[in-house]
**Student:** 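A single structure is presented below for examination.
Given the structure is predicted, the values throughout are model-derived calculations rather than measurements. Numbering of ligands and ligand atoms starts at 1, following listing order.
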Amino acid sequence: MRSNTIDVQPVNAAVGVEIAGLDLSEPLTPPALATVKSALAEHGVVFFRDQALTENQHIALARQFGDINVNRFFSHAEGYPEIALVVKEPHQTRNIGGGWHTDHSYDHVPALGSMLYAREIPPLGGDTLFASMYAAYDALSDGLKQTLEGLRGVHSSRHVFGVKRGDLEGRIGNYEAATQDATHPVVIVHPESGKKALYVNPGFTIGFDGWTADESRPLLEYLYKHAARPEFTYRFQWRAGSLAFWDNRSTWHYALNDYQGERRLLHRIMIEGCALG
Ligand code: SIN
């Protein structure tokens with residue numbers, strides 16, 4: 001523990017809190033662990049600053065929140081298959097995660113959350129946007145909420161990880177493993193907070209179960225535009241040593257790609273989740 005006081009401050013009205021007073025390199029006390037879990041469930045993302053974590057400490061931190069889900073497609077830190085590399089070198093033009101999405105929604109049991117730790121951050125740019133799917137759901141009309149209640153979304157990794165994509169090669173691979181589609185309710189009840197959240201995302205949702213792609217597209221596009229409204233979002237500026245831990249059931253995120261010619265390196269660990277219904 002860095003101090004006896006854990007300070008939890010919302011960073012904006014819709015999504016995210018910053019937590020100060022914890023040294024994440026040490027095991028969290030039961031009350032500290034409970035505080036982080038509850039803030040994550042309620043606010044969707046928890047941010048920490050000025051942490052110094054080895055790979056083993058990052059893994060030990062993640063394990064306090066659940067089992068680790070090893071990503072099938074990302075390259076990993078040498079000797080640590082649990083740690084996916086989110087990297088862009090100065091000569092590379094595409095980044096990883098450069099569009100609104102939620103991680104692993106294409107899995108039958110989607111990951112609870114992603115713990116992203118910043119090792120090298122460009123002097124300017126490379127921020128990440130987060131959006132609250134609680135806020136997006138709450139702001140829908142009662143009529144649309146009712147329509148969505150009965151629907152299931154079809155999520156896929158095929159179109160993202162099943163195709164070779166230019167200079168992502170070397171960072172993303174194992175294309176032949178992108179075979180799985182999964183369906184989940186379009187409106188989920190969050191397993192910890194009990195709140196309702198919109199659970200479709202532009203990265204991986206390809207339609208509504210039982211609807212054609214053409215039938216699905218207009219409603220999905222409406223929901224995507226609605227959910228990305230600025231008042232549901234927050235823009236996080238990284239520094240080396242920052243850690244963001246987000247809940248994939250209640251948020252989207254979007255890594256901005258505005259730092260051409262600079263290096264950005266983060267380490268990501270995924271925590272296993274539960275079936276969403
Ligand atoms: C991701 O999409 O998991 C990466 C987000 C980021 O690099 O900020």
Side-chain angles (χ1 to χ4, degrees), residues 11 15-16 18 40 44-49 51 53 58 62 65 68-77 80-90 92-107 110-133 155-157 159-161 165 167-168 170-174 178 201-205 224 227-228 233-260 262-273:
V11 293
V15 61
E18 182 163 332
L40 183 70
V45 196
V46 292
F47 301 107
F48 301 87
R49 295 290 192 184
Q51 301 294 323
L53 298 179
H58 189 184
F65 294 88
I68 292 176
N69 174 317
V70 177
N71 185 283
R72 308 192 281 288
F73 308 115
F74 284 49
S75 62
H76 59 76
Y80 299 96
E82 303 91 337
I83 299 180
L85 290 180
V86 176
V87 63
K88 182 168 166 259
E89 300 293 351
Q92 294 171 329
T93 53
R94 293 190 69 158
N95 72 339
I96 291 173
W100 283 117
H101 66 286
T102 188
D103 297 329
H104 286 224
S105 72
Y106 48 81
D107 283 334
L112 174 162
S114 310
M115 201 177 262
L116 190 63
Y117 176 59
R119 296 201 170 270
E120 282 185 58
I121 292 299
L124 289 172
D127 300 348
T128 303
L129 307 177
F130 293 92
S132 168
M133 293 305 110
H155 302 248
S156 182
S157 60
H159 59 293
V160 178
F161 296 118
R165 291 193 301 151
D167 81 353
L168 284 181
R171 291 180 282 167
I172 301 288
N174 200 17
N201 71 88
F204 298 114
T205 312
Y224 295 159
T233 72
Y234 174 67
R235 179 173 179 151
F236 182 64
Q237 287 185 297
W238 296 91
R239 301 194 297 260
S242 303
L243 184 139
F245 180 18
W246 61 84
D247 188 317
N248 282 304
R249 291 84 55 94
S250 63
T251 60
W252 289 353
H253 57 283
Y254 184 143
L256 296 178
N257 189 14
D258 56 354
Y259 52 96
Q260 301 303 343
E262 302 285 348
R263 184 169 205 247
R264 183 177 184 272
L265 170 67
L266 301 96
H267 280 184
R268 194 182 84 178
I269 300 182
M270 307 295 303
I271 318 291
E272 290 282 13

**Student:** Of the non-hydrogen atoms in Asp247 and Leu40, which two are nearest, and what is the gap between them?
**Tutor:** N-CD1, 3.7 Å

**Student:** Does Glu120 have any side-chain hydrogen bond (donor to acceptor under 3.5 Å, both in side chains) partners at least two apart in sequence or in another chain, and if so, which?
**Tutor:** Arg263

**Student:** Tell me, which residues have any heavy atom less than 4.0 Å from some atom of ligand 1?
**Tutor:** Val86, Gly97, His101, Asp103, Leu116, Thr128, Trp246, His253, Ala255, Arg264, Arg268

**Student:** Hey, do the aromatic rings of Trp246 and Phe130 have their centres closer than 6.0 Å?
**Tutor:** yes

**Student:** Does the Lys NZ or Arg CZ of Arg268 fall within the cation-pi geometry relative to Phe74 - under 6.0 Å from the ring centre and within 45° of the axis?
**Tutor:** yes

**Student:** Where do Phe47 and Val11 land on the side chain to side chain contact (heavy atoms under 4.5 Å, CB included) test, with the steps shown first?
**Tutor:** CA-CA 9 Å; Phe47 301 107; Val11 293; 4.0 Å; yes

**Student:** Using modelled atom types and a 3.5 Å cut-off, is there a donor and acceptor pairing between side-chain atoms of Thr102 and backbone atoms of Thr251?
**Tutor:** yes

